[in-house]
Trainee: 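The following block contains the structure, expressed as structure tokens.
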Amino acid sequence: MARMTGAQALAQMLHGYGVSHVFMVPAVLRRTLAEMERRTGIKRLHVHGEKAAAYMADGYARASRRPGICMAQVVGALNLAAGLRDASLAHAPVIAFTGGRDPKTKFRKVYQEVDDVPAFETVTKWNATVDAAERIPDMLRQAFRAAVSGTPGPVHLQFRGNEGQVDQEEADLEPLCEAQFAQVPPFRPEPDAASVRAALALLQAAEKPVIVAGGGVRASAARAELVALAEKLQIPVATSLNGKDSITGSHPLSVGVVGTYSRESANRVVAAADLVFFVGTEAGGMTTHAWTVPKAAIAAIQLDIDPEALGRNYPLKAALNGDAKVTLGCMLDEADAASAKRRDPWLATVRGLCADYAAKVRALLASDAVPIRPERLCSELTRHTPDDAIVVVDTGHAGMWMGGMYDLKSAKQDYLRSAGHLGWAFPAGLGAKCACPERPVITFTGDAGLWYHVAEIETAVRWHINAVTVVNNNGSGNQSKRGFDRAYGGKQTDQAHELWTFNPMNFARLAEDIGALGLRVEKAADFAPALERALEAGRPAVIDVVTDIEALAPPAVG
Ligand SMILES: Cc1ncc(C[n+]2csc(CCOP(=O)(O)OP(=O)(O)O)c2C)c(N)n1
């Protein structure tokens with residue numbers, strides 16, 4: 001124990017947990033921010049909005065598997081809470097600090113004050129208040145424990161005082177850090193041996209099994225074990241959108257992303273399977289196309305770190321509770337490779353379904369059309385994204401195009417995707433680049449997605465966050481086109497276009513004005529040289545790709 005301010009303890013502890021960046025809009029925990037400068041090398045990124053701060057912390061967390069920190073004063077707290085929604089859905093360990101109420105003045109109509117704590121309840125694993133400086137060390141330790149343990153997720157700490165002024169008070173404090181909880185996963189629990197045997201018996205006996213791998217594979221860094229088990233037993237692998245980087249697209253057992261934002265071959269393979277092994281996926285509505293792929297009656301096995309997830313959506317023949325890497329490792333040790341032969345006919349069918357899909361999209365992937373087809377853009381990214389890149393993708397059409405049409409070429413690539421919030425990807429890509437400055441970061445977003453947080457181009461320039469952002473710029477949110485066609489009974493009026501189109505915009509020029517590299521691409525053949533220039537620019541880059549407003553991503557196959 002030593003006599004110190006809460007701010008000194010907080011700054012020292014964040015440093016002790018290995019935090020390198022915090023993302024915030026002032027004024028919050030000002031004394032702590034000053035102590036960070038005095039005592040640590042933590043970078044304090046002053047950004048343009050609290051939601052973007054949360055998304056940056058989220059991208060940082062997903063890229064590094066370490067908690068990302070974001071902060072807001074009382075009046076910005078709900079903006080920050082809104083930004084935790086995607087982290088909550090994606091199970092990213094984000095820790096949010098806000099300023100909050102003081103018991104001495106509560107209920108007296110304090111300027112800018114409402115009770116923000118309830119708003120964090122639905123988007124956090126743990127939502128707590130720090131009312132005394134004495135509590136800063138133990139509450140911060142609990143925040144890290146909660147964020148990274150089990151299924152990771154966001155945490156909120158509200159510090160007393162509209163700006164969290166409790167950090168200015170002195171107390172006898174012990175700024176102890178628990179290194180174990182500085183990353184995901186803190187522990188690697190082993191599965192019960194009987195559950196491993198039961199699952200293997202089912203997989204080995206199955207004639208048409210498929211693995212559906214989810215974000216839990218990345219959280220556990222279990223890709224190598226997953227692919228090795230699939231190879232040993234010769235089982236095809238589909239992934240959720242969140243688990244897209246569980247296996248490379250070029251792997252012979254890879255069939256693509258299954259579900260709603262998906263690839264046709266993956267849906268066909270999962271629909272034809274006689275046994276599905278869910279690994280680190282919740283088997284939620286997006287991954288199963290609202291529980292139709294596979295059908296509810298499928299025989300299923302599930303592996304998850306969280307026992308409460310097991311069987312939530314499909315009744316199970318076997319359930320495995322443990323860390324994915326360790327559990328798949330145990331399965332790999334005991335798996336009988338001789339059973340693989342049984343699946344030769346199934347693998348021939350699977351290869352046929354993948355070949356049918358490839359034949360269907362070949363022309364679009366190679367299209368020279370002007371305006372550019374998004375399929376061609378995805379194919380250019382597959383070919384030219386560096387092997388060690390982090391690819392960050394927005395939702396909506398961006399998620400559909402890239403989820404379905406982009407292939408990871410290397411097991412060293414990471415693929416991070418919005419769990420549903422439009423506008424997430426651009427700031428998340430900046431956060432990912434802060435976490436991994438030595439790796440190329442390529443963000444893919446639509447123009448509607450970029451507009452949300454376009455001001456953060458200035459943050460990227462100011463902080464030299466040299467991420468590359470590729471904008472699928474069709475002057476609209478054209479994913480909405482089909483929905484409005486339906487709403488208008490088949491054919492929209494001319495005026496209906498005001499519901500989903502924008503004024504034309506040259507984002508390259510905008511980016512240049514702000515100090516980033518801006519490149520405008522109007523012909524597909526010009527994309528690869530632009531990407532190369534952007535990756536080597538030594539400053540943030542925006543590649544504005546002019547694409548076809550009529551191009552609609554293929555709907556999911558049921
Ligand atoms: C926060 C939020 N609001 C609304 C939506 C609904 N939404 C999904 S995609 C989309 C439009 C996407 O436009 P853009 O990013 O330009 O991509 P495009 O469809 O044009 O390819 C909208 C409004 C959403 N997913 N998230």
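For this chain, numbers begin at 1 and follow the sequence in order.
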Trainee: Side chains of K51 and H421: does their closest heavy-atom pair fall under 4.5 Å?
Mentor: no
Trainee: Working note: I442 + L531, criterion side chain to side chain contact (heavy atoms under 4.5 Å, CB included); need CA distance, chi angles, decisive distance, verdict.
Mentor: CA-CA 9 Å; I442 299 178; L531 182 64; 3.9 Å; yes
Trainee: Treating T129 as the side-chain partner and D131 as the backbone partner, does any N or O pair qualify as donor plus acceptor under 3.5 Å?
Mentor: no
Trainee: For residues 505-518, run the donor-acceptor check on the side chains, cut-off 3.5 Å, and write out each pair with its distance to 0.1 Å, sequence neighbours left out.
Mentor:
{"from": "N506", "atom 1": "OD1", "to": "A508", "atom 2": "N", "distance (Å)": "3.0"}
{"from": "N506", "atom 1": "OD1", "to": "R509", "atom 2": "N", "distance (Å)": "2.9"}
{"from": "E512", "atom 1": "OE2", "to": "G518", "atom 2": "N", "distance (Å)": "2.9"}

Trainee: Closest approach of L226 and A213, non-hydrogen atoms and distance?
Mentor: CD2-CB, 3.9 Å
Trainee: For I390, run the side-chain contact (heavy atoms from CB on, under 4.5 Å) check against D245, V441, T443 and tell me which one passes.
Mentor: V441
Trainee: Could you check whether the rings of Y415 and Y406 sit parallel, tilted or perpendicular, using 30° and 60° as the cut-offs?
Mentor: parallel
Trainee: Rounded to the nearest 0.5 Å, what separation is found between the CG atom of L29 and the CZ atom of F97?
Mentor: 7.0 Å
Trainee: Is atom CZ of R3 surrounded by more than 12 heavy atoms (other residues, nucleotides or ligands) closer than 6.0 Å?
Mentor: yes
Trainee: Given the rule in the side chain to side chain contact (heavy atoms under 4.5 Å, CB included) test, do W424 and L416 qualify, once you have shown the distances and angles that lead to the verdict?
Mentor: CA-CA 11 Å; W424 174 88; L416 311 176; 4.2 Å; yes
Trainee: Distance check, rounded to the nearest 0.5 Å: Y261 atom OH versus T395 atom OG1?
Mentor: 4.5 Å
Trainee: Could you give the distance from CG (D323) to CD1 (I305), rounded to the nearest 0.5 Å?
Mentor: 5.0 Å
Trainee: Hey, are the side chains of Q302 and R312 touching, using non-hydrogen atoms and a 4.5 Å cut-off?
Mentor: no
Trainee: Under 3.5 Å, is there a donor-acceptor pair between the side chain of R66 and the main chain of Y17?
Mentor: yes
Trainee: What's the verdict on ring pair (Phe, Tyr, Trp, His ring centres under 6.0 Å) for F426 and Y452, showing C-alpha distance, side-chain angles and the deciding distance?
Mentor: CA-CA 9 Å; F426 173 57; Y452 267 83; over 10 Å; no
Trainee: Counting only heavy atoms not in R160 (residues, nucleotides, ligands), do more than 12 fall under 6.0 Å from its CZ?
Mentor: yes
Trainee: To the nearest 0.5 Å, how far apart are NZ in K244 and CG in L408?
Mentor: 6.0 Å
Trainee: Is there a side-chain contact between L499 and S480 in this structure, where contact means two heavy atoms from C-beta onward sitting under 4.5 Å apart?
Mentor: no
Trainee: Okay, side chain of Q479, backbone of G477: is any donor-acceptor separation there less than 3.5 Å?
Mentor: no
Trainee: Is the backbone N or O of V545 less than 3.5 Å from a side-chain atom of N472, with the two atoms forming a donor-acceptor pair by type?
Mentor: no
Trainee: Checking side-chain polar atoms at under 3.5 Å, does Y60 have a donor or acceptor matched by the opposite partner on S20?
Mentor: yes
Trainee: Which atom names give the shortest non-hydrogen contact between A428 and V392, and what distance separates them?
Mentor: CB-CG1, 4.2 Å
Trainee: Can you confirm whether V130 sits close enough to I136 that some side-chain heavy atom of one is under 4.5 Å from a side-chain heavy atom of the other?
Mentor: yes
Trainee: Distance only, no hydrogens: is a donor on one side chain within 3.5 Å (strictly under) of an acceptor on the other, for R85 and T122?
Mentor: no
Trainee: Main chain of V117, side chain of D115: is a donor-acceptor contact present, judged purely on distance under 3.5 Å?
Mentor: yes
Trainee: Closer than 3.5 angstrom, by distance alone: can the side chain of T547 be matched with the main-chain N or O of P374 as a donor-acceptor pair?
Mentor: no
Trainee: Counting only heavy atoms not in R533, do more than 12 fall under 6.0 Å of its CZ?
Mentor: no
Trainee: Is it the case that over 12 heavy atoms from other parts of the model lie below 6.0 angstrom from the CD atom of E190?
Mentor: no
Trainee: For atom CD of E498, decide whether the heavy atoms of other residues, nucleotides or ligands shown that lie under 6.0 angstrom number more than 12.
Mentor: yes
Trainee: What's the separation between atom CG in L381 and atom CD1 in I543, rounded to the nearest 0.5 Å?
Mentor: 8.0 Å
Trainee: Would you indicate whether the side-chain heavy atoms of V22 and M36 approach each other to under 4.5 Å?
Mentor: yes
Trainee: Please examine the side chains of R417 and M402, heavy atoms only from C-beta on, and report whether any two atoms are closer than 4.5 Å.
Mentor: no
Trainee: Please confirm whether R101 makes a cation-pi placement over F107, using NZ or CZ under 6.0 Å from the six-membered ring centre and within 45° of the ring normal.
Mentor: yes
Trainee: What do the steps show when you test V19 against F144 for side chain to side chain contact (heavy atoms under 4.5 Å, CB included), and what is the final call?
Mentor: CA-CA 11 Å; V19 171; F144 273 84; 4.1 Å; yes
Trainee: Tell me whether the rings of F120 and H156 are parallel (<30°), tilted (30 to 60°) or perpendicular (>60°).
Mentor: parallel
Trainee: Considering only heavy atoms from C-beta outward, does the side chain of R141 approach that of M13 to under 4.5 Å?
Mentor: yes
Trainee: Tell me whether Q413 contacts the main-chain N or O of P386 through its side chain, where contact means a donor paired with an acceptor under 3.5 Å.
Mentor: yes
Trainee: If only atom types and distance count, is the side chain of K125 paired as donor or acceptor with the main-chain N or O of A146 below 3.5 Å?
Mentor: yes
Trainee: For side chain to side chain donor-acceptor pair (under 3.5 Å), just list the numbers for N474 and S476, CA-CA rounded to whole Å, side-chain angles, deciding distance to a tenth of an Å, and then say yes or no.
Mentor: CA-CA 5 Å; N474 51 26; S476 69; 3.1 Å; yes
Trainee: Given D414, which of R62, R65, R439 fulfils the salt bridge (Lys or Arg N to Asp or Glu O under 4.0 Å) condition?
Mentor: R439
Trainee: F278 vs N313, test: side chain to side chain contact (heavy atoms under 4.5 Å, CB included). Steps then yes/no.
Mentor: CA-CA 11 Å; F278 294 109; N313 287 315; over 6 Å; no
Trainee: If you measure from NE2 on H21 to CD1 on I69, what distance do you get to the nearest 0.5 Å?
Mentor: 12.5 Å
Trainee: Can you find a pair of side-chain heavy atoms, one from R520 and one from N473, that are under 4.5 Å apart?
Mentor: yes
Trainee: For the backbone of A221 and the side chain of K325, can you confirm whether one donor and one acceptor N or O come within less than 3.5 Å of each other?
Mentor: yes
Trainee: With E532, which residues qualify under side chain to side chain donor-acceptor pair (under 3.5 Å), at least two apart?
Mentor: none
Trainee: Kindly say whether A309 contributes a backbone atom to a donor-acceptor pair with the side chain of D304 at under 3.5 angstrom?
Mentor: no
Trainee: When you look at NE2 of H384, are more than 12 heavy atoms from neighbouring residues, nucleotides or ligands closer to it than 6.0 Å?
Mentor: yes
Trainee: Work out which heavy atom in H46 is nearest to a heavy atom in P26; give both atom names and the distance.
Mentor: CD2-CD, 3.3 Å
Trainee: Which heavy atom of P185 sits nearest a heavy atom of A219, and at what distance?
Mentor: CD-O, 3.7 Å
Trainee: Could you verify whether a donor N or O on one side chain and an acceptor N or O on the other, from E121 and N127, lie under 3.5 Å apart?
Mentor: yes
